[in-house]
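All residue numbers in this chain count up from 1 along the given sequence.
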Amino acid sequence: TERERERAVVVLCACLVQLLLVLLCLVIMSAEPIDLAKFLNREEGWEEECKRAFEIIRDTGILILKDPRVGFEDNETFLNMMEQYYDQPEEVKLQDVRRDLKYQVGVTPNFVEEPRDHTAKIMSLPEDARPHIPEGKDPKWRFHWRIGERPAHTEFEELNADTMQIVPKAFADKWPTTMDMWGNHMVAAGRTVAEMLAVGCGLPEDSFSKLLDYGPHLLASTGSDIGTYNKVGTVLAGFHYDLNFLTLHGKGRFPGLYVWTRSGERMPVRVPEGCLLCQAAKQLEWLTGGVVEAGFHEVVVAESTLDALERAKQEGRPLWRVSSTCFTHVASDQILEPLGPFASEEALKKYPPTKAGDQVREELEIIKTV
């Protein structure tokens with residue numbers, strides 16, 4: 001009948017749109033990494049590279065980066081140490097917990113962090129692109145190490161507390177230098193990306209980066225016990241966005257990270273050797289009035305995760321999935337609000353002027369039991 005033909009055409013068009021979106025995602029993921037050297041050295045085409053970076057993070061929420069200042073061996077050194085740390089007995093790691101500081105230094109045990117409820121977002125996604133539904137709190141561990149200087153005076157003492165860093169006893173000889181090495185690499189890369197994004201969207205170069213001065217940046221490696229949690233579909237980090245400005249990672253050893261593009265497509269993340277992954281987070285969304293959205297992502301056990309598990313067993317390595325994650329932050333006392341061309345009336349209603357510390361406090365109360 002005519003109605004059935006019309007319905008078939010609608011279904012076919014929907015399928016073609018989905019196919020085009022998938023192809024777009026594949027093109028984006030296979031594109032050349034953003035070359036930070038072009039910007040740092042002001043090489044030919046650096047301004048076009050800034051525009052390309054902004055367009056990609058606007059459309060996908062992520063960037064693949066090539067930073068000449070970061071060596072592949074540095075990531076390996078960091079991952080080796082963190083695998084050994086997480087492989088310690090639980091009672092040893094629990095000595096490094098600082099719950100009174102909202103876990104902003106030291107270790108956060110498993111089953112503490114809980115993704116906020118994103119049911120409405122999940123239901124808005126195409127059925128075949130919806131995330132795994134987490135069952136309660138995440139089974140991952142996390143270690144927070146502060147990177148960079150903190151402000152001399154702040155309204156948000158608990159987020160910027162001038163406390164001693166937590167140094168695990170078994171790693172006292174190498175922990176501070178290794179953590180600072182990797183964390184400083186990531187914050188430097190994040191600052192450069194911030195400058196590139198500002199140029200790419202037509203703002204003055206320091207529009208974002210100056211807000212990062214004295215920010216509560218955190219190196220926040222996660223550890224998931226793949227030796228125990230190794231069933232396909234197990235949620236290691238539930239569907240969520242990050243609350244900070246930009247999140248950066250080195251290449252990991254266990255697959256399982258999936259991201260969602262702005263159009264709602266779910267993609268596995270594959271970071272080329274020698275590259276970094278950069279994800280847009282909530283503070284960048286705030287400053288751009290939602291033109292760039294905080295990227296949703298999840299970490300789940302996949303078949304490829306189990307393949308990596310078998311390789312780790314054969315090589316005699318700890319059976320922990322470790323990330324080399326760093327959260328860059330806007331300084332707690334700085335105001336988050338849409339900047340320049342992003343400051344429309346509608347955007348200002350949705351993203352009213354708010355101190356970054358208040359925004360972080362609210363998010364922490366929702367995602368953690370404190």
Side-chain angles (χ1 to χ4, degrees), residues 36 40 63 65-86 93 96 98 101-108 113 140-151 159-168 170-195 208-209 211-223 242-253 257 271 274-281 283-284 320-332 356 360 364:
L36 271 58
L40 292 168
L63 294 172
L65 310 174
K66 183 70 174 177
D67 189 335
R69 301 166 296 185
V70 182
F72 173 73
E73 65 279 1
D74 294 336
N75 190 43
E76 293 296 293
T77 297
F78 179 81
L79 291 177
N80 288 339
M81 185 182 75
M82 294 309 302
E83 283 184 353
Q84 294 165 16
Y85 173 78
Y86 286 122
K93 291 180 288 192
D96 301 327
R98 295 297 182 272
L101 294 174
K102 299 188 177 182
Y103 304 104
Q104 293 301 289
V105 293
V107 77
T108 304
E113 291 190 13
K140 69 178 186 294
W141 291 67
R142 189 192 293 280
F143 197 101
H144 279 151
W145 181 263
R146 295 173 181 272
I147 299 296
E149 294 184 67
R150 294 306 193 250
L159 300 179
N160 297 273
D162 188 18
T163 57
M164 291 291 291
Q165 298 268 44
I166 307 303
V167 179
F171 302 87
D173 59 332
K174 60 182 178 180
W175 191 269
T177 54
T178 302
M179 299 295 272
D180 285 341
M181 174 272 294
W182 188 252
N184 285 324
H185 276 329
M186 296 298 95
V187 171
R191 180 175 292 275
T192 301
V193 172
E195 292 172 347
F208 299 136
S209 60
L211 301 177
L212 305 182
D213 293 341
Y214 300 102
H217 312 305
L218 288 172
L219 184 57
S221 168
T222 60
D242 292 337
L243 61 86
N244 49 295
F245 177 72
L246 288 173
T247 301
L248 294 105
H249 316 255
K251 182 178 175 62
R253 293 170 174 168
L257 174 63
V271 180
C275 291
L276 305 174
L277 171 66
C278 178
Q279 294 172 278
Q283 291 174 347
L284 178 58
W320 283 79
R321 183 192 185 278
V322 172
S323 74
S324 50
T325 305
C326 184
F327 299 129
T328 64
H329 278 260
V330 169
S332 302
V360 170
L364 289 177

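- How far CZ of Arg191 is from CG of Leu36: 13.5 Å, rounded to the nearest 0.5 Å.
- The line from OH of Tyr85 to CZ of Phe171 is 8.5 Å long, rounded to the nearest 0.5 Å.
- Side-chain atoms of His217 never come within 3.5 Å of backbone atoms of Cys326 as a donor-acceptor pair (strictly under, hydrogens ignored).
- Evaluation of the side chain to side chain contact (heavy atoms under 4.5 Å, CB included) rule for Ala194 yields Phe208, Ser209, Leu212, Phe245 as partners, not counting sequence neighbours.
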Fill in: Stepwise side chain to side chain contact (heavy atoms under 4.5 Å, CB included) check, Met186 with Ile147
CA-CA 10 Å; Met186 296 298 95; Ile147 299 296; over 6 Å; no

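- With sequence neighbours left out, Arg253 forms a side chain to side chain contact (heavy atoms under 4.5 Å, CB included) with Glu76, Leu79, Asn80, Glu83, Arg317.
- The CG atom of Asp67 sits 8.5 Å away from atom NE2 of His185, with the distance rounded to the nearest 0.5 Å.
- Taking all atoms of both residues into account, the shortest heavy-atom contact from Leu218 to Arg150 is CD2-NH2, 4.1 Å.
- For the side-chain contact (heavy atoms from CB on, under 4.5 Å) with Thr222, the qualifying choice from Arg142, Met82, Glu113 is Arg142, the only one to do so.
- A donor-acceptor contact shorter than 3.5 Å links the side chain of Asn75 to the backbone of Lys251.
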Please tabulate, for the side chains in residues 173-180, all donor-acceptor contacts under 3.5 angstrom to protein atoms that are two or more places apart in sequence or on a different chain.
unit_1	atom_1	unit_2	atom_2	d
Thr177	OG1	Lys174	O	3.2
Thr178	OG1	Lys174	O	2.8
Asp180	OD1	Trp145	NE1	2.8

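- Nearest heavy atom pair, residue Leu219 against residue Thr325, reads CD1-O, 3.3 Å.
- The closest side-chain heavy-atom distance from Leu276 to Val271 is not below 4.5 Å.
- Thr247 is linked by a side chain to side chain donor-acceptor pair (under 3.5 Å) to Asp242, Asn244, counting only residues two or more places apart in sequence or in another chain.
- Here the side chains of His144 and Asp96 are not in contact, with every heavy-atom distance at 4.5 Å or above.
- Taking the side chain as every heavy atom from C-beta outward, Leu243 and His329 approach each other to under 4.5 Å.
- The local environment of CZ in Phe78 is crowded, with over 12 non-hydrogen atoms from other residues, nucleotides or ligands closer than 6.0 Å.
- The distance from the CG atom of Leu364 to the OH atom of Tyr103 is 12.0 Å, given to the nearest 0.5 Å.
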Practice prompt. Go through the steps for Lys140 and Thr108 under the test side chain to side chain contact (heavy atoms under 4.5 Å, CB included), then give the verdict.
Written response: CA-CA 9 Å; Lys140 69 178 186 294; Thr108 304; over 6 Å; no

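- Checked against side chain to side chain contact (heavy atoms under 4.5 Å, CB included), Leu211 has the following partners two or more places apart in sequence or in another chain: Leu287, Val330, Gln334.
- Here the closest heavy-atom approach between residue Pro151 and residue Asn160 is recorded as CD-OD1, 3.6 Å.
- Trp182 is not listed as a side-chain neighbour of Thr77, based on a closest heavy-atom distance of 4.5 Å or more.
- Classification of the Tyr86-Trp320 ring pair by plane angle, with boundaries at 30° and 60°, yields parallel.
- A heavy-atom distance below 4.5 Å is found between the side chains of Arg321 and Leu257.
- A donor-acceptor pair under 3.5 Å is formed between the side chain of Ser221 and the backbone N or O of Ser323.
- A pairwise comparison of heavy atoms in Ala356 and Ala331 identifies CB-O, 3.4 Å as the closest pair.
- In this structure, Lys66 and Cys275 approach most closely via the heavy-atom pair CD-SG, 4.1 Å.
- Proximity of Gln279 to His249: side-chain heavy atoms (C-beta onward) are separated by under 4.5 Å at one or more points.
- Applying the side chain to side chain contact (heavy atoms under 4.5 Å, CB included) criterion to Cys278, with sequence neighbours excluded, gives Leu63, Leu65, Val193, Leu246, Leu248.
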